[in-house]
Amino acid sequence: MTSVTPRGFETRVLRIPLVAPFETSFGRQDEREVILVRAVTAGAEGWGECVTMPMPLYSSEHTEGAWDVLHRFLYPALLGVGPVNPRHVAARVEHIVGHRMTKAAVELALLDASLRERDESLAGYLGADRTHVPSGVSVGIMPSLDDLLATVQDYLDQGYARIKIKIRPGWDVEPTRLLRRTFGDDLLLQVDANAAYTLSDARLLRQLDDLGLLLIEQPLAEDDLVQHATLATQLQTPICLDESIVSAKVAADAITLGATQVINVKAGRVGGYLEAVRIHDVARAHGVPVWCGGMLETGIGRAANAALAALPGFTLPGDISASDRFYAQDVTDPFVLDEGRIAVPTGPGLGVDVNPERLEAVTVRRSWTPAAGHEADPVPTA
Ligand code: NPQ
Ligand code: MG
């Protein structure tokens, strides 16, 4: 990996409307607020996406916190310190506790810049061995069972390879059973609770056991590793941890404990794409299947997810949907379904380009942080 010398970082908060509200056990979103980071180096520029939400509901991070950590702690650790190898970004910011999504965004921006300088694709660099990845779709909690059926039918008509529905107490066994009865035993179906249950719900969760689910995602709280291991002994359906898996170390612990039989890999949640590959490696060594999760990414994060999901251990369809599942207008050209699959970008770095007009149209806040000694550099406007 070639080192790069960042001249500065541009930070943007974007707000992009969703095509439909997305409801989970922790709340309902009508738009995606997200941060993009642009690293400007001598020979290129690179993009990274910070997948935090405006409120700390999915995890402890949120937009304003990420903005603060980027400007006061991460950029100063990486600017004016000479060439930076993207592989060493994590170590350079290790003294900052947590803030993994924020760190992941900066690491990806520098990785993208470095790979573009070398004319190498992110997919190739990470170890992808496929040109396309099967595309699954995450279906929010719906106002009614009829809405759920119509929505799932529409996604199946579009060709999605796998359906995941969000569940919470009061919206769990009935909608899941209805989908199984309506669409038959061949439907690849799984559920995601986003930590909405406790171990005392084991009897209720056991009612999902005869519905042939691929997995149940994050039934219990983020720090409930031992309880997940206990629950696993009471369920036939494989447990797949999402929120709980914040590092390769925790992934190894969770596998050893028997807390997780499948792993949802999200680069933001674990501090970057390089740590995500390490989770893939540790899971693969244990024979644990992984799949790529999603955080309603723009085309930037979606491109990186497609690259990651093309690694050989990603044996289950991920939450990498077509861009139009969430957005009428993205900041890159949209990702589209090709027979239920997404094509892995092959160009240098992320292999996608940001459309400056569309970016400007959805930007609500912007800053430019130059390297020390480069304050007089012209401020890039792109
Ligand atoms: C999950 N994502 O797997 C998440 C969580 C999630 C695609 O199901 C705005 C921004 C709303 C990010 C809702 C999917 C969100 C979000 C849910 C992420 O648990
Ligand atoms: Mg999840």
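Treat the numbers as computed from the prediction; the structure is a model and nothing was measured. Whatever order the structure lists them in is the order used to number ligands and atoms, beginning at 1.
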K.L.:
Parallel, tilted or perpendicular for Tyr160 and Tyr155, by the 30°/60° rule?
P.N.:
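Taking Tyr155 first and then Tyr160, their aromatic rings stand perpendicular (interplane angle over 60°).
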K.L.:
Could you see which bit of Lys266 sits under 4.0 Å from ligand 1, with heavy atoms only: side chain, backbone, both or neither?
P.N.:
side chain
K.L.:
In terms of atom number and element, which parts of ligand 1 are under 4.0 angstrom from non-hydrogen atoms of Asn194?
P.N.:
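Ligand 1 atoms under the 4.0 Å threshold to Asn194: 1 (C), 19 (O).
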K.L.:
Give a yes or no on whether a salt bridge exists between Glu217 and Lys164, defined as a side-chain N under 4.0 angstrom from a carboxylate O.
P.N.:
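Yes.
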K.L.:
Would you mind listing which atoms of ligand 1 come within a distance below 4.0 Å of any non-hydrogen atom of Phe22?
P.N.:
8 (O), 13 (C), 17 (C)
K.L.:
Check whether any side-chain N or O of Thr315 sits under 3.5 Å from a backbone N or O of Pro289 as a donor-acceptor pair, and report yes or no.
P.N.:
no
K.L.:
Quick test: of every protein heavy atom, which one is nearest to atom 8 (O) of ligand 1, and how far off is it to 0.1 Å?
P.N.:
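Here the nearest protein heavy atom works out to Ser138 OG, 2.8 Å.
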K.L.:
Under a 4.0 angstrom heavy-atom cut-off, which atoms of ligand 1 come close to Thr24?
P.N.:
13 (C), 17 (C)
K.L.:
Tell me if a side-chain donor or acceptor on Asn85 pairs with a main-chain N or O of Ser3 at a distance below 3.5 Å.
P.N.:
no
K.L.:
Counting from 1, what ligand 1 atoms have a heavy atom of Glu217 closer than 4.0 Å?
P.N.:
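Answer for ligand 1: 3 (O).
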K.L.:
For ligand 1, which atoms, with element, lie under 4.0 Å from some heavy atom of Asp242?
P.N.:
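Atoms satisfying the 4.0 Å criterion: 1 (C), 3 (O), 19 (O).
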K.L.:
CZ of Phe335 to CG of Asp330: how many Å apart, nearest 0.5 Å?
P.N.:
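CG of Asp330 is found 8.5 Å from CZ of Phe335.
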K.L.:
Where is the nearest protein heavy atom to atom 6 (C) of ligand 1: which residue, which atom, and how far?
P.N.:
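Looking only at protein heavy atoms, the one closest to atom 6 (C) of ligand 1 is Phe26 CZ, 3.9 Å.
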K.L.:
Give the name of the N/O/S atom in Asp242 that lies closest to the Mg ion (ligand 2).
P.N.:
OD2
K.L.:
Going by the order shown, which atoms of ligand 1 are within less than 4.0 Å of some heavy atom of Asp192?
P.N.:
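Near Asp192, meaning under 4.0 Å from one of its heavy atoms, ligand 1 has 1 (C), 3 (O), 19 (O).
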K.L.:
Does Asp209 come within less than 4.0 Å of Arg206, counting only side-chain N to carboxylate O?
P.N.:
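Looking at Arg206 together with Asp209, the answer is no, because their closest N to O distance does not fall below 4.0 Å.
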K.L.:
With a 4.0 Å cut-off on N to O distance, would you call Lys266 and Asp242 a salt bridge?
P.N.:
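Yes.
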K.L.:
Out of the N/O/S atoms in Glu217, what is the name of the one closest to the Mg ion (ligand 2)?
P.N.:
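When I compare the N, O and S atoms of Glu217, OE2 is nearest to the Mg ion (ligand 2).
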K.L.:
Among all protein heavy atoms in this structure, tell me which lies nearest to atom 7 (C) of ligand 1, with the distance rounded to 0.1 Å.
P.N.:
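Of the protein heavy atoms, Gly294 O, 3.6 Å lies nearest.
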K.L.:
With Val270, which of Val250, Val277, Ile279 fulfils side chain to side chain contact (heavy atoms under 4.5 Å, CB included)?
P.N.:
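When Val250, Val277, Ile279 are each tested with Val270, the side chain to side chain contact (heavy atoms under 4.5 Å, CB included) holds only for Ile279.
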K.L.:
Which ligand 1 atoms does Lys164 reach within 4.0 Å, using its non-hydrogen atoms?
P.N.:
1 (C), 3 (O), 8 (O)
K.L.:
Between Asp147 and Ser144, is any side-chain donor less than 3.5 angstrom from a side-chain acceptor?
P.N.:
yes
K.L.:
Could you identify the single nearest non-hydrogen protein atom to atom 18 (C) of ligand 1 and state the distance to 0.1 Å?
P.N.:
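Nearest protein contact, heavy atoms only, for atom 18 (C) of ligand 1 is Met295 SD, 3.7 Å.
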K.L.:
For atom 9 (C) of ligand 1, what is the closest protein heavy atom, and at what distance to 0.1 Å?
P.N.:
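Looking at atom 9 (C) of ligand 1, the protein heavy atom closest to it is Leu296 CD2, 3.6 Å.
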K.L.:
Parallel, tilted or perpendicular, judged at 30° and 60°: which one describes the rings of His71 and Trp67?
P.N.:
tilted
K.L.:
Does Asp192 bring an N, O or S atom to under 2.8 Å of the Mg ion (ligand 2)?
P.N.:
yes
K.L.:
Would Gln29 count as a polar contact of ligand 1, with the cut-off being nitrogen or oxygen pairs under 3.5 Å?
P.N.:
no
